[in-house]
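Report on the structure given below.
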Amino acid sequence: MDMPERVALESEIIRKCLSRSELQCSFLEYRGFKVIYRRYASLFFIVGTKADLDVRVALNDGIPGGIGGGSSGGNNKPSSIITAENYENELGLLEFIHTLVETMDRWAGSICELDIMYQLEQVHFLLDEMVMNGYVVETNKSNVLRPIDLIDRESKKTEGMFR
């Protein structure tokens, strides 16, 4: 997906999430993606994953996509449906969003838009500690925050040296 198409898709998903009421569930499918979101005060945390796919394959004489009368003379096999399932657990992703927000609260006090805007590099680092290559690898708040605390401590040491 090229960048302008991706930006347009993200904008559409954000508008879709903002237009939903609090009484609606936090899961939706949009243009081939499952969208899981959670609202905390004025912040929206949105996670997207691929939706379940329903792939129809016509098998004829053992050749995928075959349409008729193959070489063995009328030995046509019926079409079959192969479903490629997405094994992402929506409730697990919703819980991950909650754990992320709790970790950010522990790191910044009570997380708000300004904390995210002015300390974006640290927020990305925090998220990188929790997710690697698209997989959640760490949910323990202490383990996630330890490297960030070390970086903060070292940066305070170097600030003191140059004054």
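For this chain, numbers begin at 1 and follow the sequence in order.
Side-chain atoms of R39 come within 3.5 Å of backbone atoms of A41 as a donor-acceptor pair (strictly under, hydrogens ignored). Using a distance-only test at 3.5 Å, with no hydrogens or angles considered, a donor-acceptor pair links the side chain of D115 to the main chain of C112.
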Could you walk me through whether Q122 and D152 satisfy the side-chain hydrogen bond (donor to acceptor under 3.5 Å, both in side chains) test, starting with their C-alpha distance in whole Å, then the side-chain angles of each, then the deciding distance to 0.1 Å, before giving a yes or no?
CA-CA 10 Å; Q122 287 184 320; D152 287 343; 2.6 Å; yes
Begin from the C-alpha positions of R20 and C25 and carry the test side-chain contact (heavy atoms from CB on, under 4.5 Å) through to its verdict.
CA-CA 9 Å; R20 294 170 64 91; C25 75; 3.9 Å; yes
Hey, mind stepping through E90 and T49 against side-chain contact (heavy atoms from CB on, under 4.5 Å) and telling me if it holds?
CA-CA 9 Å; E90 292 89 358; T49 184; over 6 Å; no
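One finds the CZ atom of R153 at 7.5 Å from the NZ atom of K157 (value rounded to the nearest 0.5 Å). Once rounded to the nearest 0.5 Å, the distance linking CZ of R106 with NZ of K141 reads 7.0 Å. Separating the CD1 atom in I151 from the CZ atom in R146 is a distance of 13.5 Å, to the nearest 0.5 Å. Atoms CG and CD1, on L43 and I97 in that order, are 12.0 Å from each other to the nearest 0.5 Å. To the nearest 0.5 Å, atoms OG1 (T103) and CD (E138) are separated by 9.5 Å. Interatomic distance, I14 CD1 to S19 OG, rounded to the nearest 0.5 Å: 12.0 Å.
Comment: E12 does not engage R15 in a salt bridge, judged by the lack of any side-chain N to carboxylate O separation of less than 4.0 angstrom. With respect to the salt-bridge test (charged N to carboxylate O, under 4.0 angstrom), the residues R6 and E10 qualify.
Contact annotation: the side chain of K34 never approaches that of K50 to less than 4.5 Å [non-hydrogen atoms, C-beta and beyond]. Annotation: side chain of I36 is not in contact with side chain of F96 (no heavy-atom distance under 4.5 Å). By the 4.5 Å heavy-atom criterion applied to side chains, F44 and L18 are counted as neighbours. No side-chain heavy atom of Y37 sits under 4.5 Å from any side-chain heavy atom of L94. Using a 4.5 Å heavy-atom cutoff, the side chains of W107 and V144 are not in contact. Counting only heavy atoms from C-beta outward, the side chains of I13 and L28 never approach each other to under 4.5 Å. Using a 4.5 Å heavy-atom threshold, the side chains of V137 and E129 count as separate. Inter-residue side-chain proximity for M130 and L126 is flagged as met; some heavy-atom pair is nearer than 4.5 Å.
Around the NZ atom of K16, the shell of radius 6.0 Å holds no more than 12 heavy atoms that belong to other residues, nucleotides or ligands. Dense packing is recorded around CE of M1, with more than 12 heavy atoms of other residues, nucleotides or ligands lying under 6.0 Å away. Around atom CG of D2, more than 12 heavy atoms belonging to other residues, nucleotides or ligands sit under 6.0 Å away. E121 CD: 12 or fewer foreign heavy atoms inside a 6.0 Å radius.
Side-chain contact, R38 with Y40: a donor N or O sits under 3.5 Å from an acceptor N or O.
Y30 and V7 are assigned to two separate hydrophobic clusters, defined by single-linkage of ILVMFWY side chains at heavy-atom distances under 4.5 Å. By the rule that hydrophobic residues join a cluster once side-chain heavy atoms approach within less than 4.5 Å of another member, L91 and F45 end up as members of one cluster. In this structure, L100 is a member of the same hydrophobic cluster as F27, with clusters built from ILVMFWY side-chain heavy atoms closer than 4.5 Å. With hydrophobic clusters built from ILVMFWY side chains whose heavy atoms lie under 4.5 angstrom apart, V131 shares a cluster with V123. In the hydrophobic clustering of this structure, M104 does not group with L114; members are Ile, Leu, Val, Met, Phe, Trp, Tyr whose side-chain heavy atoms approach within less than 4.5 Å, directly or through other members.
Closest non-hydrogen pair, V35 versus I46, comes out as CG1-CG2, 3.7 Å. Summarising the geometry of I111 relative to D105, their closest heavy-atom pair is N-OD1, 2.8 Å, with the distance given to 0.1 Å.
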